[in-house]
2 protein chains.
Amino acid sequence: MEERQEVGTVVRGRKTPDRAQSAAAGGPLPGPRATPGVIDAGAKLPRTQLLILQAARHRFALDGYTRASLRAIAADAGVDQRMIAHYFGSKQGLFLAAVGLPVHPAEVLREVLAGPRRAARQRIREVLTRVLAEPTIYERMVGVMRAAAGDPAIAPMMRDFLRNEVVAPLTRLLDAPDAALRITLVGSHFLGLVFARFIVAVEPLASAPPADVAALVAPTFERYLFGGVTASAGT
Amino acid sequence: MEERQEVGTVVRGRKTPDRAQSAAAGGPLPGPRATPGVIDAGAKLPRTQLLILQAARHRFALDGYTRASLRAIAADAGVDQRMIAHYFGSKQGLFLAAVGLPVHPAEVLREVLAGPRRAARQRIREVLTRVLAEPTIYERMVGVMRAAAGDPAIAPMMRDFLRNEVVAPLTRLLDAPDAALRITLVGSHFLGLVFARFIVAVEPLASAPPADVAALVAPTFERYLFGGVTASAGT
């Protein structure tokens, strides 16, 4: 399906033989991450983690993100609830691992905000280059978008999760008028890039080097995040 | 699945009772279109059109866009090939109707290009407002993206179609350095807006009035289409 010849990425660690298989087994590895803000994936998971992830996917699909309890997931998996904290840190971490979101949005935004405003575009370029070059984007973001597009149970869960765990905290981080709209505009463009590059794989965007795409898109993200405009004011 | 409460759109004509049902029957009506560049959909189709659309979907999925011949589609449908021209105008028109792309990209870009450069952003705002307010976007663009995300036969067909019938002619229309990359960047952002507004429906973007979204996004599209930057130059 994904027939991209040139992704401009360096695959770290072992190459996952099959994306669907990888997504089924999915989940980040605990331990140091190679790329800040990006969840590493790839190596084999302990059986306990796999059981937790299976139970979590089932519960999240059944109950939605908010109502699904860690207690119920642990019970379904037949493990102690402390194992969830051990392996995934938090409910958000578990959802990211179970559903497959390959980045920590708040960590990425913190990096963009950490520094002088005049250098924000450069920081956006850097972080976006890294994220677009990350093989987990290809393997997991696509899985999330496929699931949201194809499964009636996933889209509302994604919406619930994005509202509570991405848009709300990022809106507080940004601390600007229209912050929530700004965040979702950036998010929509990012989703579109993933869709065009990895799902439809339309050229020349599909094989454009991550650094080039980041250079073109960074001024847009900068304006959406920091620009003086509001929706009603236009321009 | 789409649980959007407020779409900010005015539904013209009869409300389609079921999107999937509508998509299955899909296809534009011949005759005058209410919104320039946007294909109208909704009313009942003559049986001949339905037969042609069914045959076309089958052939396009089987052979891909380029190899699927109008002769074979007409034969499969059991109709004279001239009926395809009569109802759909061209192979592109038939594909748009069969797969469901709800806009004529070249017509939209021509409108953006037809006028002084200094007013281009305003024209982009106007055309984008219209396209985002169009109920066919909700009903059909989402169908295309769902199909491309979910069906291994659709994504390569979409890629083939986009390359030959959207990116190539729009690139010639734009007549600029990096024109193809510029076109695909605009397209990726548009796909992302549709995904975020209509598939995941993440707020506040999902229910932001089309005119507000257009005002925020128009400067981005203007820069992607006309900006002085190239990918390698950055900025």
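The sequence lines fix the lettering, A, B, ..., with proteins before strands; numbering per chain opens at 1.
- Put simply, of A:Gly192, A:Ala180, A:Gly187, the one with the most heavy-atom pairs under 4.5 Å next to chain B is A:Gly192.
- The greatest number of non-hydrogen atom pairs below 4.5 Å with chain A, out of B:Val167, B:Leu185, B:Asp160, is found for B:Leu185.
- Each of B:Phe221, B:Tyr224, B:Phe195 was checked for a ring-ring contact (aromatic ring centres under 6.0 Å, His included) with A:His189, and the lone residue meeting it is B:Tyr224.
- A:Ser188 and B:Arg197 share no side-chain donor-acceptor pair at under 3.5 Å.
- In this structure, no portion of B:Ala218 lies under 4.5 Å from any heavy atom of chain A.
- With a 4.5 Å cut-off on non-hydrogen atoms, B:Val200 touches chain A through its backbone and its side chain both.
- Other residues, nucleotides and ligands contribute only 12 or fewer heavy atoms inside 6.0 Å of the CZ atom of B:Arg118.
- Side-chain atoms of A:Glu203 come within 3.5 Å of backbone N or O of A:Ser207 as a donor-acceptor pair.
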